[in-house]
> 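Got a structure for you, questions after.
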Amino acid sequence: MLGNLTCAVLLAVSGVAKLRAKQETRDAFSALRLPGWLGRSPAPVLLPFAELLLAALLVLGSGWVLVAGAAASVALFAAYTVVIARALGFEEPVRCNCF
């Protein structure tokens with residue numbers, strides 16, 4: 001349960017920060033050199049809501065809903081890890097305000 005709560009707090013803080021800095025979130029998609037279509041898609045707008053939903057599922061979910069929320073959270077954190085690790089190899093530093 002402590003792991004769920006820790007991940008939920010991280011997702012909630014990240015989601016709220018992204019909601020407060022909408023343009024910075026969109027700019028991060030470009031700075032992290034994600035595919036252009038992804039930056040033009042609704043993804044930058046929907047990402048904070050997805051993080052907040054996952055946070056809620058980790059705290060309030062039970063049964064298969066909790067399992068699905070936990071699996072989606074692991075997938076999201078894995079994607080973040082890959083994107084950030086890739087960005088560490090860029091010649092210029094990237095400020096994505098990810099966490």
Side-chain angles (χ1 to χ4, degrees):
M1 185 64 182
L2 184 59
N4 285 6
L5 187 58
T6 302
C7 289
V9 168
L10 182 61
L11 286 165
V13 168
S14 180
V16 169
K18 285 179 178 70
L19 282 175
R20 296 180 75 196
K22 293 175 185 170
Q23 187 57 46
E24 290 177 18
T25 300
R26 187 169 294 282
D27 293 344
F29 274 63
S30 176
L32 291 167
R33 299 181 191 168
L34 297 175
W37 63 266
L38 192 58
R40 292 185 302 273
S41 77
V45 174
L46 296 178
L47 184 57
F49 296 105
E51 289 179 337
L52 292 171
L53 175 62
L54 289 175
L57 290 177
L58 290 175
V59 173
L60 304 173
S62 65
W64 69 268
V65 173
L66 177 58
V67 172
S73 297
V74 168
L76 182 62
F77 285 132
Y80 285 166
T81 300
V82 169
V83 168
I84 293 169
R86 188 175 138 266
L88 290 174
F90 296 167
E91 290 186 23
E92 68 282 347
V94 175
R95 292 183 46 106
C96 67
N97 299 321
C98 301
F99 295 106

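The figures here come from the full heavy-atom set of this structure, side chains too, leaving out hydrogens, waters and symmetry mates.
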> Which donor-acceptor pairs under 3.5 Å do side chains of residues 38-49 form with protein atoms, sequence neighbours excluded?
residue, atom, partner, partner atom, Å
Arg40, NH1, Gly36, O, 3.3
Ser41, OG, Leu38, O, 2.7
Ser41, OG, Ala43, N, 3.1

> Report the distance from atom CZ of Arg20 to atom OG1 of Thr25, rounding to the nearest 0.5 Å.
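OG1 of Thr25 is found 12.0 Å from CZ of Arg20.
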
> I'd like to check Glu51 versus Val16 (side-chain heavy atoms, cut-off strictly below 4.5 Å). Are they in contact?
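Contact flag for Glu51/Val16 side chains = no.
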
> Can Leu52 be reached from Val9 by stepping across I, L, V, M, F, W or Y side chains whose heavy atoms are under 4.5 Å apart?
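In one cluster: no.
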
> Mind running side-chain contact (heavy atoms from CB on, under 4.5 Å) on Ser30 and Arg26 for me, showing each step along the way?
CA-CA 7 Å; Ser30 176; Arg26 187 169 294 282; over 6 Å; no

> Assigning hydrophobic clusters by single linkage (Ile, Leu, Val, Met, Phe, Trp, Tyr; side-chain heavy-atom cutoff under 4.5 Å), is Val83 placed with Leu11?
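Yes, one cluster joins them.
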
> Kindly list each side-chain donor-acceptor pair under 3.5 angstrom involving residues 53-75, sequence neighbours excluded, with atom names and distances?
residue, atom, partner, partner atom, Å
Ser73, OG, Gly69, O, 2.8

> State yes or no: do Leu76 and Leu32 share one hydrophobic cluster built from I, L, V, M, F, W and Y residues joined by side-chain heavy-atom distances below 4.5 Å, directly or via other members?
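Yes; Leu32 is reachable from Leu76 via cluster members.
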
> Would Arg33 and Glu92 pass as an ion pair if we require N to O under 4.0 Å?
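A salt bridge links Arg33 with Glu92.
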
> Would you check if Phe77 and Cys7 make a side-chain contact, meaning some heavy-atom pair closer than 4.5 Å?
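They are in contact (side-chain heavy atoms under 4.5 Å apart), so the answer is yes.
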
